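First listed ligand is number 1; within each ligand, the first listed atom is number 1. Predicted, not measured: the structure shown is a model, and the values here were computed from it.
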Amino acid sequence: MKKQIIIDTDPGPDDGVAILTALGSPLIEVLGICAVAGNVPLPYTIRNVCKILELAERQEVRAFAGAEAPLTRPLFTAEYVHGKTGFDGYDLPEPTMPVQPQHAADFIVEEVMSRPPRTVTICALGPLTNMALALERDERIAGRIEQIVWMGGALSEGGNVMPAAEFNCYVDPEAAARVLSSGAPVVMMPLDVTHKAHVTADRIQRFRSIGNKVGPIFAELLTYAKQFDWEKYGADRAPMHDPTTVVWLLRPELFSGRQVNVEIETVSPLTTGMTIIDWWGVTDRRKNAYVVRDIDAEGFYDVIFESFRRFP
Ligand code: RIB
Ligand code: CA
């Protein structure tokens, strides 16, 4: 039985690698891809979803637009990393495939409620606004979703957008808090993991030499994004964030972590979006998430390249 997943995403290139890793795996069925505002505004994220599907020649996969802004806060975006379009670095053709008329949150509810319990997995690659809206529409989904695998937060890696906050959590901390308190099974891929799976020059060369059109295009997209991270992290490499969620589904043995409590700071202006992770169990708070801390980076990239080789 293939793993049936919905991808919720704010493409950027690392989201694109995650989407293609899923689409390229014979063990995964992508039920639909939902765009959310995050790296760039929604008009660009939904456009980038369609660009990726057309590049992969997988236009049969349905694309849904979701939230244009966080639940309560103004949208904060990251053009400074990914450019105005979120896909600067390579000019993919303007997509022509249709976007579904249904709101992403309604699609998530419909899919989860219409399929057998614990058979739909959510890979959440951006702010959790769509997931929070889906829970508002029908909180029963929390008891039916197989797992929400979310790239977000940080345990001891600090923040990448604010000193104490990772981007996906910072953009919509209320949504993250809503999802983490919903009772749905959550697996978290924090910066502590993604900062151990760097896109190095060698790995970009591996994308470039895959021998199809998709690999070299993503080598260019990742090179563009790496320029920002190079200055920031002071090395010729960049974290690879979002594909950790998909590779977890395919090869969980490449990762290690533990079931702990995670709370989200939504009040203090100094630490808004911080994930407070009780790694040592010093409280009796509900252990609401499996937080991953380590990764076999070589094995992780082997899975990505195995999927990428299956594209035109
Ligand atoms: O902090 C990294 C996360 O923020 C990644 O998902 C990246 O794509 C951005 O959404
Ligand atoms: Ca993302």
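- Checking Asp15 against the Ca ion (ligand 2), an N/O/S atom falls under the 3.0 Å cut-off.
- Of the protein's non-hydrogen atoms, the one nearest atom 9 (C) of ligand 1 is Asn39 OD1, 3.2 Å.
- Of the candidates Val291, Leu180, Ile145, Val262, Val186 forms a side chain to side chain contact (heavy atoms under 4.5 Å, CB included) with just one, namely Leu180.
- In this structure, Trp280 and Arg258 have side chains that are in contact, with non-hydrogen atoms separated by less than 4.5 Å.
- Close approach of ligand 1 to Phe167 is summarised as follows: ligand atoms under 4.0 Å from at least one heavy atom of the residue are 1 (O), 4 (O), 9 (C), 10 (O).
- Applying the salt bridge (charged side-chain N to carboxylate O under 4.0 Å, His left out) rule to Glu220 yields the partners Arg208; only residues at least two apart in sequence or on another chain are considered.
- Screening Lys51, His82, Lys84 against Tyr44 for a side chain to side chain donor-acceptor pair (under 3.5 Å) leaves a single residue, Lys84.
- One option in Met240, Glu166, Met189 has a heavy atom closer to atom 2 (C) of ligand 1 than any other, and that option is Glu166.
- Distances from the Ca ion (ligand 2) to each N, O or S atom of Asp10 single out OD1 as the nearest.
- Ligand-side atoms of ligand 1 in range of Met151: 2 (C), 3 (C), 5 (C), 6 (O), range being under 4.0 angstrom from any heavy atom.
- Close contacts between ligand 1 and Asp15 involve ligand atoms 8 (O) [criterion: under 4.0 Å to a heavy atom].
- Shortest contact from atom 7 (C) of ligand 1 to any protein heavy atom: Asp14 OD2, 3.4 Å.
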* Candidate pair Glu306 and Arg251, rule salt bridge (Lys or Arg N to Asp or Glu O under 4.0 Å), full reasoning -> CA-CA 12 Å; Glu306 195 179 325; Arg251 297 278 308 280; 6.0 Å; no
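- Among Ile217, Ile304, Leu221, the one residue that satisfies the side chain to side chain contact (heavy atoms under 4.5 Å, CB included) test with Phe207 is Ile304.
- A salt bridge links Arg137 and Asp106; the closest N-O separation between the charged side-chain nitrogens and carboxylate oxygens is under 4.0 Å.
- Among all non-hydrogen protein atoms, the one lying nearest atom 4 (O) of ligand 1 is Asn168 OD1, 3.1 Å.
- For ligand 1, the polar-atom distance check finds no N/O of His82 at less than 3.5 Å from any of the ligand's N/O atoms.
- For ligand 1, the polar-atom distance check against Leu125 finds a nitrogen or oxygen pair separated by under 3.5 Å.
- The Ca ion (ligand 2) forms the vertex of an angle spanning OD2 of Asp242 and O of Leu125; to the nearest 10 degrees it equals 90°.
- Protein heavy atom in closest approach to atom 6 (O) of ligand 1: Asp242 OD1, 2.6 Å.
- At a cut-off of 3.0 Å, Gly38 does not coordinate the Ca ion (ligand 2) through any N, O or S atom.
- Taking CG of Leu31 as the reference point, atom CD1 of Ile5 lies at 8.0 Å (rounded to 0.5 Å).
- For the pair Asp172 and Leu128, the minimum side-chain heavy-atom distance is 4.5 Å or more.
- The side chain to side chain contact (heavy atoms under 4.5 Å, CB included) test with Val120 is passed by exactly one of Gln147, Lys3, Arg115: Arg115.
- Residue contact check: Asn160 has heavy atoms under 4.0 Å from atoms 1 (O), 2 (C) of ligand 1.
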